[in-house]
Amino acid sequence: MAQTAVGPVSDFYTLPVGIRTVAVTESQFLINGKPFYFRGVNKHEDSDIRGKGFDWPLLVKDFNLLRWLGANAFRTSHYPYAEEVLQLCDRYGIVVIDESPGVGIALVESFSNVSLQHHLEVMEEMIRRDKNHPAVVMWSVANEPASFLKPAGYYFKTLIAHTKALDPSRPMTFVTNTNYEADLGGCRPRMRGWLPSLVICVNSYYSWYHDYGHMEVIQLQLATQFENWYKAYQKLMIQSKYGADAIEGFHEAFSPGSWSVLFVQQALLSSTITS
């Protein structure tokens with residue numbers, strides 16, 4: 001039992017609060033009025049030796065790796081992480097794209113009214129818990145949904161508007177791997193001027209799931225992809241993911257389906273676009 005200004009309470013915790021501003025333009029992400037460039041990763045609360053879930057030693061190891069990489073941000077792919085993770089981000093100055101567990105939205109049935117209602121509740125719970133963390137600069141409502149399906153238009157317009165009403169101070173996104181012409185989510189042509197604070201995050205897999213091994217086409221395909229997205233919607237874009245996975249210790253270069261470390265390294269180097 002603790003004595004507070006409002007009387008005795010049996011359960012309480014303190015929450016440090018930071019003050020900063022976040023805004024987006026058609027070409028820049030601004031923190032405290034200054035341009036911020038995301039250099040980061042997609043994390044997971046997982047490890048081969050400890051399993052799934054929050055773990056302090058693993059978290060400290062991951063943050064040391066982030067500092068070693070020179071990273072300044074990560075996305076909580078594909079679910080909200082433990083509060084301790086965000087507390088450490090606040091202290092270290094690591095910027096977070098906070099993502100809901102909206103992954104696997106791949107079937108028409110996934111866009112039902114029941115699913116939508118649950119998704120709205122999930123966003124309410126996540127924002128209520130994480131809104132006071134200054135490290136969180138953007139909400140991600142979903143990862144790689146089938147936004148080309150007809151029900152996606154109403155589903156995501158409702159979801160994004162609801163999320164914006166819950167927190168008008170932060171930009172938001174859903175991370176897409178859908179072709180820009182087929183997308184019916186938050187960035188369809190009739191919504192071109194709608195919700196300026198919506199950021200387009202794109203996951204790309206050129207030379208991975210198709211054109212395997214042809215890394216000479218990656219830069220052209222990526223540049224064309226982003227030019228088309230920007231021309232269509234005039235919104236800020238982030239390359240939120242490139243490629244898939246590698247098998248640690250496997251170094252064979254171009255064996256079909258190898259997922260080798262060398263192939264990943266060369267693909268990532270090839271994906272760098274210089275202006």
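None of the values given here were measured: they were computed from a predicted structure. In what follows, residues are counted from 1 in the order of the sequence shown.
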query: CG of Leu159 to CD1 of Ile105: how many Å apart, nearest 0.5 Å?
result: 7.5 Å

- request: Kindly compute the distance separating OG1 (Thr176) from CG (Asn179), expressed to the nearest 0.5 Å.
  value: 9.0 Å

Would [X] end up clustered with [Y] when hydrophobic side chains under 4.5 Å apart are linked, directly or stepwise?
| X | Y | value |
| --- | --- | --- |
| Tyr154 | Leu198 | yes |
| Phe111 | Val108 | yes |
| Val96 | Val175 | no |
| Val103 | Ile97 | no |
| Phe54 | Val41 | yes |

Parallel, tilted or perpendicular: ring planes of Tyr79 versus His44, cut at 30 and 60 degrees: tilted

task: Quick one: do Tyr230 and Lys235 satisfy side chain to side chain contact (heavy atoms under 4.5 Å, CB included)? Show the steps, please.
output: CA-CA 6 Å; Tyr230 190 77; Lys235 291 183 182 293; over 6 Å; no

Any donor-acceptor N/O pair, [X] side chain to [Y] backbone, under 3.5 Å:
| X | Y | value |
| --- | --- | --- |
| Ser77 | Lys43 | yes |
| Arg39 | Ala71 | no |
| Thr76 | Glu99 | yes |
| Asn42 | Phe74 | no |

Would a 4.5 Å heavy-atom cut-off, applied to side chains only, mark [X] and [Y] as touching?
| X | Y | result |
| --- | --- | --- |
| Trp208 | Ile218 | no |
| Ile238 | Met138 | yes |
| Asn203 | Asn143 | yes |

- request: Step by step, work out the side chain to side chain contact (heavy atoms under 4.5 Å, CB included) result for Thr173 and Trp139.
  value: CA-CA 6 Å; Thr173 186; Trp139 306 114; over 6 Å; no

field: salt bridge (Lys or Arg N to Asp or Glu O under 4.0 Å) contacts in which one or both residues fall within residues 170-181, not counting sequence neighbours
entry: Asp167-Arg170

query: Cut-off 3.5 Å, side chains only: do His162 and Glu124 have a donor facing an acceptor?
result: yes

- request: Please check if any side-chain donor atom of Arg20 sits under 3.5 Å from a side-chain acceptor atom of Asn32, or the reverse.
  value: no

task: Kindly write out the residues that satisfy side-chain contact (heavy atoms from CB on, under 4.5 Å) with Gln225, not counting sequence neighbours, or none if the list is empty.
output: Val202, Ser204, Tyr206, Leu222, Trp229, Gln239

task: Could you walk me through whether Glu83 and Arg129 pass the side chain to side chain contact (heavy atoms under 4.5 Å, CB included) test, one step at a time?
output: CA-CA 8 Å; Glu83 274 195 280; Arg129 192 198 71 167; 3.7 Å; yes

task: Report the C-alpha distance between Phe174 and Val199 in whole Å, list the side-chain angles of each, state the deciding distance to 0.1 Å, and finish with yes or no for side chain to side chain contact (heavy atoms under 4.5 Å, CB included).
output: CA-CA 8 Å; Phe174 73 81; Val199 177; over 6 Å; no

statement: Sequence neighbours excluded, the answer for ring-ring contact (aromatic ring centres under 6.0 Å, His included) partners of His214 is none

- prompt: Under 6.0 Å from the NZ atom of Lys52, do we count more than 12 heavy atoms belonging to anything else shown?
  reply: yes

Nearest heavy-atom neighbours spanning Val95 and Ile31: CG2-CD1, 3.9 Å

task: Assess whether side chain to side chain donor-acceptor pair (under 3.5 Å) is satisfied between Lys231 and Tyr180, documenting all intermediate values.
output: CA-CA 10 Å; Lys231 190 181 300 181; Tyr180 80 100; over 6 Å; no

